[in-house]
There are 2 protein chains.
Amino acid sequence: MLTADTADTAETVAPTGRRALARERTWRELKAAALDEVREVGPAGLALRSVARRLGMSPAGLYRYVDSRDGLLTALIADGYHDLADHLEVALGIDTAALGDRERPEPQVPVVAAADAPVEVRLRAVGLAYRAWSVTHPNEFGLLFGDPIPGYAAPADGPTVEAMARVGGALARPLLEAAAAGRLRVDPVLSDPTVAGPPGAMDPVLPPGTDRAVGPLLLLAWGRLHGQVSLEVFGHHHWLFPDGCEALFRADLERTLHDLGLVTP
Amino acid sequence: MLTADTADTAETVAPTGRRALARERTWRELKAAALDEVREVGPAGLALRSVARRLGMSPAGLYRYVDSRDGLLTALIADGYHDLADHLEVALGIDTAALGDRERPEPQVPVVAAADAPVEVRLRAVGLAYRAWSVTHPNEFGLLFGDPIPGYAAPADGPTVEAMARVGGALARPLLEAAAAGRLRVDPVLSDPTVAGPPGAMDPVLPPGTDRAVGPLLLLAWGRLHGQVSLEVFGHHHWLFPDGCEALFRADLERTLHDLGLVTP
DNA sequence: TTGCGTTGCGAACAATGTTCGCGCAGGGTG
DNA sequence: CACCCTGCGCGAACATTGTTCGCAACGCAA
């Protein structure tokens, strides 16, 4: 049983067969219902019996598709990473490589920077898209970046890390372009082996052979974006800072562009 | 009933009386047991019945001290903010103003910068202490900064915001000192009213009359610290970056000092 | 001592995740 | 075309959780 996972993770075999199609459809409906519930009550409030009710199904019936509540959550996490990655790629003008069962490419993002735009414009676009997705999907953001579900560690080959590698790859893309164009000012501190890590780290995100300093630079920029967004989405900025969150985010983003040497003061 | 809350939030009346002392003691034991459980199984895994078992109490008995599971969580959140603030203040050489029932000032932090140290040293110290506490208290970090508990909004006058204001105040202190010394380079973007917010925002953290740009600067620096720490603690950095987290954090911190004009390249 | 407020307990209720065994229908195989 | 059998869904059940209610015991003040 639970062939849905294999059909979802590795889409090697064609999902031919009438039965497999029905299974796939209800599996999608199940995830959609669960995602609706997460949107309403948050990741911690997701109840299997409630999504069963939405589907008009028995609670036990769900276990033909899911091995546990946490398993459903990890499936939603993987989908969430893919959704975020789709948005980031759209912001970069990429037509969302290899979208499988999720049908919708997303039109509206604050800034879209085509592939021939200058790198600073592209980095700005992907940063703003990161925030825009997070602010408009707070509960999914919590699902992806909030408390990890207790006792769970993502299997290194699981769909979760592959999906997360996609968002890392989208964030890295402008940096790689800048590095290729020689426009990236690399801080000597970041090239230090203790910072850059062993060669081969970041392999799932960065192509092999890239400058050792790009990895730390990516994580540094990502961490900055993420910090502002995380504090804002979880209500820590908004608490003492009602309306300036986006402006503050833009200011920090600009500062980061400057730190990377991509823009002159 | 539930006089413990009032006795805990406002310690106006002396807790005289033999009974009040016993009540206070079991209330502390209760919070300690709950905190132990949070440390072991995470905030989402905290079970009232389990802490009741630890205390050798009936589950119903807990409700003489707690109005709900979420109420207990908010009490732990407030305590967590205070604990973090204590660590930050210790790193700044302040003797942890007004510690009430929590008895322990904390000796070991990576860097302690006395009040007469240069501001950049002090800001470094508080930043490193922020990370050190978070990394050594991952589940409490998740409690404070992870998913907000569903449907809960901190009451504006509650103990939670007061405690959080303490950590904001500790982070702000070096910035205020730098501003007072005229050493803070203020980005004109950050003085813009749309970024700085209405006058009077950040009142619980910053003393009135401080430069309007200090608030955004604080949130900017805090967001940077927080982003790196959050990604690290929740396992997103560690996943593709085994050992360089502290070095990366230090690099970003140094970059931030530079952005603030507190250190020359 | 008497009385009252506080404290704790046992039982109970609703809701949750999860398992087990059964029926049943539909699809691939003879 | 007929058959079997695989997969799907269900009902019931069990353990565990948060929470409430009424009752018993106890400390403290009058």
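Letters A, B, ... mirror the listed sequences (proteins, then strands); counts begin at 1.
Under 4.0 Å is where a charged nitrogen must lie from a carboxylate oxygen, and between A:E29 and A:R54 no such pair does. A salt bridge is absent between B:E37 and B:R49; no separation between the charged side-chain nitrogens and carboxylate oxygens falls under 4.0 Å.
B:L62 places its CG atom 9 Å from the P atom of D:dG18, with the value rounded to the nearest Å. Atom CG in A:L21 sits about 15 Å away from atom C1' in D:dG7, given to the nearest Å. Separating the CD atom of B:E24 from the P atom of C:dT6 is a distance of 16 Å, rounded to the nearest angstrom.
Taking only side-chain nitrogens and oxygens, B:R23 never comes nearer than 4.0 Å to OP1 or OP2 of C:dT6. Between B:Y65 and C:dT7 there is no side-chain N or O to OP1 or OP2 distance below 4.0 Å.
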Would you sort out whether B:W222 and B:V167 count as a side chain to side chain contact (heavy atoms under 4.5 Å, CB included), showing the intermediate values? CA-CA 10 Å; B:W222 188 357; B:V167 3; 4.2 Å; yes
Per-nucleotide protein contact string for nucleotides 12-18 of chain C (B base, S sugar-phosphate only, - none; heavy atom under 4.0 Å): B---BBB
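Within the model, atoms CG of A:L144 and CZ of B:F234 stand 12.5 Å from one another, a figure rounded to the nearest 0.5 Å.
Checked options B:L248, B:L231, B:D252; the residue passing with A:L219 is B:L248 (criterion: side-chain contact (heavy atoms from CB on, under 4.5 Å)). The side-chain hydrogen bond (donor to acceptor under 3.5 Å, both in side chains) test with B:R131 singles out one residue from B:E232, B:H226, B:Q228, and that residue is B:E232.
No hydrogens or angles were tested; on distance alone, nothing pairs the side chain of A:R64 with the base of D:dG7 as donor and acceptor under 3.5 Å.
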